[in-house]
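We number each residue from 1, following the sequence as shown.
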Amino acid sequence: MKERGGVRKSAVRWLLAGHMPECKHMLNPNDTEALFAVQRFCHLIMQLNARPQMHVAYLREAYENPSDNNVRLTMDRQVESRPNPQRGSLPKVPNPTWSSAKR
């Protein structure tokens with residue numbers, strides 16, 4: 001079962017440094033399910049003593065049926081990775097490209 005919780009970009013380093021999320025860190029501070037999912041994720045990080053090892057970047061294409069969203073297919077392209085052993089750090093990606101165009 002997949003759980004999701006959107007956090008503010010400004011909170012990512014805080015969370016990766018081992019702190020638990022609060023409502024103010026969430027994209028939607030009123031979404032208690034999302035907060036619980038991120039808290040569970042952070043708890044697992046601490047329990048397993050997990051640390052960042054790689055930074056992975058990719059271009060994701062998502063496809064859905066136009067009449068309903070019961071099925072979603074995602075394709076990851078241009079997958080890149082690089083070592084990232086420092087806890088709480090996010091490597092700078094040279095010349096990042098962002099696109100919201102639909103195909």
Side-chain angles (χ1 to χ4, degrees):
M1 185 60 110
K2 193 176 207 176
E3 295 180 315
R4 294 177 185 236
V7 298
R8 297 184 183 281
K9 194 179 282 190
S10 61
V12 173
R13 290 183 197 279
W14 169 263
L15 298 174
L16 289 179
H19 302 284
M20 291 298 284
E22 301 171 15
C23 291
K24 66 182 181 182
H25 298 126
M26 305 301 294
L27 288 176
N28 180 356
N30 300 318
D31 187 345
T32 55
E33 287 184 28
L35 175 62
F36 186 67
V38 177
Q39 286 175 338
R40 186 183 351 256
F41 176 76
C42 291
H43 175 74
L44 288 171
I45 288 174
M46 289 185 275
Q47 183 179 6
L48 297 170
N49 198 27
R51 301 286 184 262
Q53 297 297 312
M54 296 292 287
H55 179 263
V56 179
Y58 50 87
L59 174 63
R60 175 164 283 174
E61 296 177 7
Y63 300 91
E64 293 180 348
N65 184 332
S67 61
D68 64 53
N69 64 353
N70 290 333
V71 176
R72 177 182 166 113
L73 171 71
T74 57
M75 303 287 289
D76 296 341
R77 302 179 189 273
Q78 300 175 8
V79 179
E80 299 176 358
S81 65
R82 68 177 67 181
N84 183 35
Q86 297 175 347
R87 184 174 186 177
S89 71
L90 296 173
K92 297 286 184 193
V93 178
N95 303 317
T97 303
W98 305 100
S99 173
S100 60
K102 289 187 175 183
R103 293 178 187 224

Salt bridge (charged side-chain N to carboxylate O under 4.0 Å, His left out) against Glu33, all qualifying residues, sequence neighbours excluded: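 Expected list: none.
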Which value, rounded to the nearest 0.5 Å, describes the distance between [X] atom [atom1] and [Y] atom [atom2]?
X	Y	atom1	atom2	value
Leu27	Lys9	CG	NZ	10.5 Å
Arg40	Gln47	CZ	CD	12.0 Å
Phe36	Glu3	CZ	CD	7.0 Å

Within the 4.5 Å heavy-atom criterion, are [X] and [Y] side-chain neighbours or not?
X	Y	value
Met75	Tyr63	yes
Glu80	Val56	no
Val38	Met26	yes

Please enumerate all residues that pass side-chain hydrogen bond (donor to acceptor under 3.5 Å, both in side chains) together with Glu64, with sequence neighbours excluded. Arg72
So, for [X] and [Y], which heavy atoms are closest and what is the spacing to 0.1 Å?
X	Y	value
Arg8	Lys24	NE-O, 3.4 Å
Trp14	His25	NE1-CE1, 3.3 Å
Gly18	Met46	O-SD, 3.6 Å
Met20	Cys42	SD-CB, 3.7 Å

Linking I/L/V/M/F/W/Y whenever any side-chain heavy atoms sit under 4.5 Å apart, do Leu35 and Val12 land together?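 In one cluster: yes.
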